[in-house]
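Here the structure is a predicted model, which means the values were calculated and not measured. FYI, side chains are in, hydrogens and waters are out, and symmetry mates aren't considered; it's all heavy atoms of this structure. Along the sequence shown, residues are numbered consecutively beginning with 1.
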Amino acid sequence: MAQGRGSAVALGLALLCLLIHSEIAESATYTVGDSRGWTFNTVNWPRGKRFRAGDVLVFKYSRSAHNVVAVNAAAYNRCLTPRGSRVFRSGNDRITLARGTNYFICNFPGHCQAGMKIAVTAV
């Protein structure tokens, strides 16, 4: 009788691993701005795309000219960088989307105001 219970637990763990693996396997990778990369006037880039939590955004840009800052909605709307914001500077940043709306700006002077920002909603 105990052996049957053990088999059920093993089967349950196997199914859980399969579900976790299939969720990871379904994630997609998007290059922000497509062939232009992370640059000015990318604010409309997410339109028409369907993003899921776990998808990866790749921000490609010149490290000497831009950066990527993950911010909240208020900072996004005002083009501000709150204390403690995560700042990416590699020029080839890979950021995994969380469920909900994810906000990103470039905080080089004037860049966010010139449309170098995106809000991406992941379901």
Side-chain angles (χ1 to χ4, degrees):
M1 188 172 212
Q3 188 178 24
R5 204 174 313 145
S7 296
V9 170
L11 179 61
L13 286 173
L15 287 172
L16 179 62
C17 288
L18 181 63
L19 286 172
I20 290 170
H21 178 71
S22 67
E23 181 69 25
I24 292 169
E26 289 182 25
S27 65
T29 301
Y30 297 90
T31 299
V32 175
D34 299 318
S35 61
R36 292 181 21 179
W38 176 234
T39 189
F40 298 101
N41 299 312
T42 55
V43 70
N44 293 320
W45 173 80
R47 282 197 186 148
K49 296 174 180 66
R50 180 170 163 81
F51 299 97
R52 298 178 58 129
D55 286 352
V56 175
L57 297 184
V58 179
F59 291 81
K60 294 184 178 193
Y61 56 93
S62 169
R63 293 173 14 171
S64 62
H66 304 297
N67 65 13
V68 179
V69 185
V71 297
N72 58 31
Y76 174 85
N77 289 328
R78 294 186 182 103
C79 289
L80 299 174
T81 304
R83 181 178 302 152
S85 295
R86 183 124 189 242
V87 180
F88 299 86
R89 298 180 176 99
S90 76
N92 191 29
D93 306 310
R94 298 177 61 85
I95 302 173
T96 302
L97 293 174
R99 189 173 314 278
T101 304
N102 299 255
Y103 299 94
F104 305 99
I105 66 170
C106 176
N107 75 353
F108 277 47
H111 290 200
C112 179
Q113 293 84 347
M116 201 165 174
K117 64 182 189 173
I118 58 170
V120 177
T121 301
V123 295

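Here the CG-OG1 distance, from Asp55 to Thr29, works out to 7.5 Å after rounding to the nearest 0.5 Å.
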Query raised in the report: Hey, mind stepping through Met116 and Trp38 against side chain to side chain contact (heavy atoms under 4.5 Å, CB included) and telling me if it holds?
Result: CA-CA 8 Å; Met116 201 165 174; Trp38 176 234; 3.4 Å; yes
Query raised in the report: Are Leu57 and Phe51 close enough, and set up right, to give a side chain to side chain contact (heavy atoms under 4.5 Å, CB included), and what steps lead you there?
Result: CA-CA 10 Å; Leu57 297 184; Phe51 299 97; 4.0 Å; yes
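Scanning for side-chain contact (heavy atoms from CB on, under 4.5 Å) contacts around Thr31 gives Val58, Lys60, with sequence neighbours left out. With sequence neighbours excluded, the residues satisfying side chain to side chain donor-acceptor pair (under 3.5 Å) with Ser64 are Ser62. Qualifying side-chain contact (heavy atoms from CB on, under 4.5 Å) partners for Thr121, counting only residues two or more places apart in sequence or in other chains: Thr101. Taking the ring-ring contact (aromatic ring centres under 6.0 Å, His included) definition, one finds that Phe108 meets it with His111, sequence neighbours left out. Annotation: ring-ring contact (aromatic ring centres under 6.0 Å, His included) contacts of Phe104 (sequence neighbours excluded): Phe59.
Under the 4.5 Å side-chain heavy-atom criterion for grouping Ile, Leu, Val, Met, Phe, Trp and Tyr, Val43 is connected to Val71 within one hydrophobic cluster. Residue Tyr103 is not grouped with residue Val120 when hydrophobic side chains (ILVMFWY) are merged at heavy-atom distances under 4.5 angstrom, including chains of intermediate members.
Of the options Val68, Asn102, Val32, a side chain to side chain contact (heavy atoms under 4.5 Å, CB included) to Ile118 is made by Val32 and by none of the others.
Across all their heavy atoms, Ala122 and Ala98 have their closest contact at CB-O, 3.4 Å. Listed here is the closest heavy atom pair of Cys112 and Ile105: SG-CG2, 3.7 Å.
Chaining together hydrophobic side chains whose heavy atoms lie under 4.5 Å apart leaves Val123 on its own.
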Sequence neighbours excluded and cut-off under 3.5 Å, please list the side-chain donor-acceptor pairs for residues 83-91, or say none.
from: Ser85; atom 1: OG; to: Pro82; atom 2: O; distance (Å): 2.7
from: Ser90; atom 1: OG; to: Asn92; atom 2: N; distance (Å): 3.0
from: Ser90; atom 1: OG; to: Asn92; atom 2: O; distance (Å): 3.4
from: Ser90; atom 1: OG; to: Asp93; atom 2: N; distance (Å): 3.4
from: Ser90; atom 1: OG; to: Asp93; atom 2: OD1; distance (Å): 2.4

For residues 73-81, which side-chain donor-acceptor pairs fall under 3.5 Å, sequence neighbours excluded?
from: Asn77; atom 1: ND2; to: Ala73; atom 2: O; distance (Å): 3.2
from: Thr81; atom 1: OG1; to: Asn107; atom 2: ND2; distance (Å): 3.1

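Listed by first and then second residue, the side-chain hydrogen bond (donor to acceptor under 3.5 Å, both in side chains) pairs involving residues 40-51 are Asp34-Trp45, Asn44-Arg47 (not counting sequence neighbours).
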